[in-house]
Amino acid sequence: MSEFPRTLKIATVWLLVGIAVFLGFRTLEAQQQKSRFSHDGGTIEIRRGPDGHYHWPARLNGRNVDFLVDTGATTTAISTALARELGLEAIGSVQSSTAGGVVRGEVARADLVLDGGVRVERLPLVVLPALGDNPLLGMDVLGKLRWQQQGGVLRIEPATGR
């Protein structure tokens, strides 16, 4: 069996180095995501992400989703694409005022489980066509929790008597 040409050997080494660097960055990114969220059985702490926002990992109808905490949103909202992936059916229509103006959307329901144990069954969601990658966690959920934001950390205390 003849030996690989020198150019092919060099290309293979560079490809392997590239894959190792890529996997290293993905691992670092995953570790940073985990370290931004902590839960000690009581208090939930979410550290502000590099994009300046708070992200709360969750499951929506069993699917892993990364919610953007949005205290300016009245209701929790997801994209039409995500609603389709989850197989959600519209139960009504809605008109919403957003930073980009007034948009028309639909209303659907889903079960929400936020990391740290916060659960909302059959949560009404606003489904918007051009929402983007991150669904928004609105005041319909946040308003039922005790939370405070200080120094780049969002602390959510267990709700008592609610």
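Note that these values count all heavy atoms, side chains included, but never hydrogens, waters or copies made by symmetry.
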Exam field: side chain D66 to backbone N134, donor-acceptor pair closer than 3.5 Å
no

Same cluster for L125 and V113 if Ile/Leu/Val/Met/Phe/Trp/Tyr side chains link at under 4.5 Å?
no

Might you work through the side-chain contact (heavy atoms from CB on, under 4.5 Å) test for W56 and I44, ending with a clear yes or no?
CA-CA 10 Å; W56 197 338; I44 298 166; 3.8 Å; yes

Inter-residue atom distance R47.CZ - H55.NE2, 0.5 Å rounding
14.5 Å

If we only count heavy atoms from C-beta on, is the Y54 to V153 side-chain gap below 4.5 Å?
no

Report yes or no: does W147 contribute a side-chain atom to a donor-acceptor pair with the main-chain N or O of L142 at less than 3.5 Å?
yes

Test log, rule side chain to side chain donor-acceptor pair (under 3.5 Å), inputs T76 and D140
CA-CA 7 Å; T76 299; D140 56 339; 2.8 Å; yes

Are L68 and V141 joined in one hydrophobic group, where the rule is that I, L, V, M, F, W and Y side chains link up if heavy atoms are under 4.5 Å apart?
no

Pairs involving residues 103-121, ordered by first then second residue, that meet side chain to side chain donor-acceptor pair (under 3.5 Å) (sequence neighbours left out)
R59-D115, Q95-R104

Correct closest heavy-atom pair for F37 and G116 would be CZ-N, 3.9 Å

Identify every side-chain donor-acceptor pair in residues 77-88 under 3.5 Å, counting partners at least two apart or on other chains, and give the distances.
| residue | atom | partner | partner atom | Å |
| --- | --- | --- | --- | --- |
| S79 | OG | L82 | N | 3.1 |
| T80 | OG1 | L128 | O | 3.3 |
| E85 | OE1 | R63 | NE | 3.1 |
| E85 | OE1 | R63 | NH2 | 2.8 |

Examine L23 and L15 and state if one hydrophobic cluster contains both, with Ile, Leu, Val, Met, Phe, Trp and Tyr joined whenever side-chain heavy atoms are less than 4.5 Å apart.
yes

Same apolar cluster (I L V M F W Y, side chains within < 4.5 Å links), L123/V107
no

List in chain and number order the residues that pass side-chain contact (heavy atoms from CB on, under 4.5 Å) with T12, two or more places apart in sequence or in another chain; answer none if no residue qualifies.
L8, L16

Which atom names give the shortest non-hydrogen contact between A108 and V127, and what distance separates them?
CB-CG2, 4.0 Å

Look at the side-chain heavy atoms of Ile, Leu, Val, Met, Phe, Trp and Tyr, link any pair under 4.5 Å apart, and say whether V69 and L60 land in one connected group.
yes

Which residue is it: T71, D70, V118, L112? I am looking for the one with a side-chain contact (heavy atoms from CB on, under 4.5 Å) to L137.
L112

Answer whether the closest heavy-atom distance between the side chains of M139 and T74 falls below 4.5 Å.
no

Please report the interatomic distance CD(Q149) to CD1(I46), rounded to the nearest 0.5 Å.
11.5 Å

